[in-house]
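See below for the structure under consideration.
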There are 2 protein chains.
Amino acid sequence: MSKKKTGVTITDVARLAGVSTATAGRVLGDYGYSSREKREKVLSAAQALGYRPNLLARSLITGRTKTIGVVAGDIQSPFYASILRGISNVAERNDFGLIITNSDENIEHEIRSVRLLLEKQVDGMIVSPCDPEGGEHLVSVVAAGIPIVQIDRQVHSLGADFVGVDNKQGAHDAVARLLAQGHRRIGMIGELGYGDWSIEEFFALASAPSYASDSLYPSWQRLHGYVEAHREAGVPLDPMLIGRSRSYSAQGAQHQVE
Amino acid sequence: MSKKKTGVTITDVARLAGVSTATAGRVLGDYGYSSREKREKVLSAAQALGYRPNLLARSLITGRTKTIGVVAGDIQSPFYASILRGISNVAERNDFGLIITNSDENIEHEIRSVRLLLEKQVDGMIVSPCDPEGGEHLVSVVAAGIPIVQIDRQVHSLGADFVGVDNKQGAHDAVARLLAQGHRRIGMIGELGYGDWSIEEFFALASAPSYASDSLYPSWQRLHGYVEAHREAGVPLDPMLIGRSRSYSAQGAQHQVE
DNA sequence: CTGTTAGCGCCTTCAA
DNA sequence: TTGAAGGCGCTAACAG
């Protein structure tokens, strides 16, 4: 009949148990002291009433939400899905909640997501920044004292932790091995979607021994490794051997092959 | 230097704007009346201080969190990933947050997840119940006035909304078409992992025209469709044509073929 | 060890 | 249209 949300509060439990709300809070929240006797009274009262703590109220006071926010590129991609699964496992093991958002590699979506997470008072964020250059919104987050861990890509100027793949080194090692085996025409298909250069231009840039690709997108970092391996082996580069799929998809790659 | 979280509150904004917290709240929360003049004062004060509303505090009062909780089987599976993506899109469009959890098709995980979501005061839940029979934990949720939408599988006794595939009909139609084309030995590989019957036993059960498979796991529902199509066509069933992969994986299916 | 008193940040009556 | 006062559910300081 009644349509109101029940909302059994700590006060209800305290009353039924015949103690103060403070004492009830101490046993239900598992902090501070409490005698065996009172403890049992409170627990059974809570049980009887079907009490569930209101984590919002608790967080409002403690300042901690036991929630971490994630800004992924696209939940649906196997890459992010597997990462999310790992994050989720660890979070659950530690009784943390997870608020997950997609950026679709779009900076405005990312900013929106970050704002939402901030307002929901997450304790920390895991972000895959879609633009290695522009990260003012992230700066304001760390400034607010909320830790950020970056995934896959990083905003260097942020100085926040980063978990990812050493793209340049990986590609370098793979290509170097092929070159060592005597191969000379090594093809590579990469996403290489964003970036202001043609392959020729990038080859020129990346051939400088001091070139740093750390702040580029992953596929360009890998191409840099490709270039370095060639330079070290003294093998000339041929732009015709590089395919730009412009998307991370099998179709895109297939298209480059044909 | 200071390590404290800044925490610009509505009070700070009100003071700077020279109005009461009530007025500041009205413009920042976009409710109630406010004069153009005050409104602008408040907004620029908020801007200057970098004010961000504390959604926890707001939710504590309003009783609504603009958050919906999801209990998926496994984020990482393409099936759930695509569903989550859709949910996420709609949620974002409506300024809702999403708390996502995995059940791993394990009832205890599911119960844990549901409890967490309840305590975080989600406004509603989307659940893929791992046991079509046992759903007491879900009953208590709807009893608390929190709407549930079920995905893929449903607890019938719950009487909650359900979104899914008509497994029986789909399998029935596919098999019926093959039979109509004259084929007689039609194989089927299904997960068929849970369930107390052997294939022979299930054939016997499902051959009854009145048999209802609604509360079974999806793969059994599909097998029911297979059986019905055969019955309607008067084609005898052969248990040897059914493979039980016992998992939703390519490997499992492949193994049945060999 | 326990109860009382204050709030957390915000919204919501209710007067003015 | 505005402000003052009260309270959401809970925890953090005190005294006792």
Side-chain angles (χ1 to χ4, degrees), chain A residues 4-43 45-46 49-67 118-123 144-146, chain B residues 4-43 45-46 49-67 118-123 144-146:
Chain A
K4 278 241 145 310
K5 282 208 200 116
T6 339
V8 179
T9 77
I10 222 172
T11 312
D12 301 323
V13 176
R15 185 167 33 226
L16 180 61
V19 301
S20 71
T21 63
T23 301
R26 279 189 277 257
V27 3
L28 294 173
D30 201 37
Y31 57 89
Y33 302 97
S34 54
S35 68
R36 207 178 198 312
E37 182 196 12
K38 303 268 182 190
R39 160 172 295 264
E40 285 176 358
K41 273 190 171 168
V42 171
L43 288 179
L49 296 175
Y51 170 77
R52 296 262 168 257
N54 183 329
L55 264 30
L56 296 185
R58 176 176 299 173
S59 296
L60 187 56
I61 293 180
T62 62
R64 295 167 64 274
T65 52
K66 299 199 82 163
T67 301
L118 263 182
E119 296 181 351
K120 291 226 182 251
Q121 313 291 124
V122 297
D123 290 340
I146 298 180
Chain B
K4 277 241 149 302
K5 281 208 200 117
T6 337
V8 180
T9 77
I10 224 172
T11 313
D12 302 322
V13 176
R15 184 166 34 225
L16 179 62
V19 301
S20 72
T21 62
T23 301
R26 279 188 277 258
V27 4
L28 294 173
D30 200 39
Y31 57 88
Y33 301 97
S34 54
S35 68
R36 205 177 200 311
E37 182 196 13
K38 303 269 182 188
R39 158 171 295 264
E40 287 175 356
K41 272 189 171 169
V42 171
L43 287 178
L49 296 177
Y51 170 78
R52 295 264 167 257
N54 183 330
L55 263 32
L56 295 185
R58 177 175 299 175
S59 295
L60 187 56
I61 292 179
T62 63
R64 296 167 63 275
T65 51
K66 300 199 82 165
T67 301
L118 263 182
E119 296 181 351
K120 292 227 183 253
Q121 314 291 124
V122 298
D123 290 340
I146 299 180

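The analysis underlying the following values was restricted to heavy atoms, covering all of them including side chains, and did not include hydrogens, waters or symmetry mates. Below, chain A is the first sequence line, B the second, and so on; all start at residue 1.
Look at CG on A:Leu56: it is 15 Å from C1' on D:dT11, rounded to the nearest Å. What separates CD of A:Glu37 from C1' of C:dT2 is a distance of 12 Å, to the nearest Å. Nucleotide C:dG3 holds its C1' atom 15 Å from the NZ atom of A:Lys41, rounded to whole Å. Going from atom NZ of B:Lys120 over to atom P of D:dC10 covers 14 Å, rounded to whole Å. When rounded to the nearest whole Å, the span between CD1 of B:Ile10 and P of D:dC8 equals 19 Å. A straight line from CZ of B:Arg15 to P of C:dG9 spans 12 Å, rounded to a whole angstrom. Rounded to an integer number of Å, the gap from NZ of B:Lys66 to C1' of C:dC10 is 16 Å. Distance, A:Arg58 CZ to C:dG9 P: 18 Å, rounded to whole Å.
Distances from the side chain of A:Arg26 to the nucleotides C:dG9, D:dC10, C:dG3 place C:dG3 closest. Residue B:Ile61 places its side chain closer to C:dG9 than to any other of D:dC10, C:dG9, C:dT2. Considering only side-chain atoms of B:Asn54, the nucleotide from D:dA4, C:dG9, C:dT2 that sits closest is C:dG9. Taking the side chain of B:Leu60 as heavy atoms from C-beta on, and the options C:dG9, C:dC10, D:dA12, the nearest nucleotide is C:dG9. Across D:dT11, C:dG3, D:dG3, the shortest atom-to-atom separation from the side chain of B:Lys38 is found for D:dG3. Distance from the side chain of B:Thr62 is smallest to C:dC11 among C:dG3, D:dT1, C:dC11.
Mapping A:Arg52 and B:Arg39 onto DNA chain D by nearest heavy atom places B:Arg39 closer to the 5' end of the strand.
Note on A:Ser35: a side-chain N or O is less than 4.0 Å away from OP1 or OP2 of C:dT2. Listed pair B:Tyr31 / C:dC11 meets the phosphate criterion, a side-chain N or O lying under 4.0 Å from OP1 or OP2. Contact check, A:Thr23 against C:dC1: no side-chain N or O comes under 4.0 Å of OP1 or OP2. For A:Tyr51, a side-chain nitrogen or oxygen approaches OP1 or OP2 of D:dC10 to under 4.0 Å. Within the 4.0 Å cut-off from OP1 or OP2 of D:dG3, at least one side-chain nitrogen or oxygen of B:Ser20 is found.
Taking each heavy atom of B:Leu28 and B:Ala46 in turn, the nearest pair found is CD2-CB, 3.8 Å. Scanning both residues, B:Ile10 and B:Tyr51, for their nearest heavy atoms gives N-CE1, 3.7 Å. Nearest heavy-atom pair across A:Arg39 and A:Ser34 is NH2-OG, 3.4 Å. Counting all heavy atoms, side chain and backbone alike, A:Asp12 lies closest to A:Thr9 at OD2-N, 2.8 Å. B:Arg64 and B:Asp123 get closest at one heavy-atom pair: CA-OD1, 3.5 Å. For the residue pair B:Leu60 and A:Leu56, the shortest heavy atom distance occurs at N-CD1, 4.3 Å.
The residue A:Ser59 sits apart from the nucleic acid: no heavy atom pair falls under 4.0 Å.
Of the P atoms belonging to C:dT2 and D:dG9, the separation is 25 Å, rounded to the nearest Å. One P atom belongs to D:dC10, the other to C:dC1, and the distance between them is 24 Å to the nearest Å.
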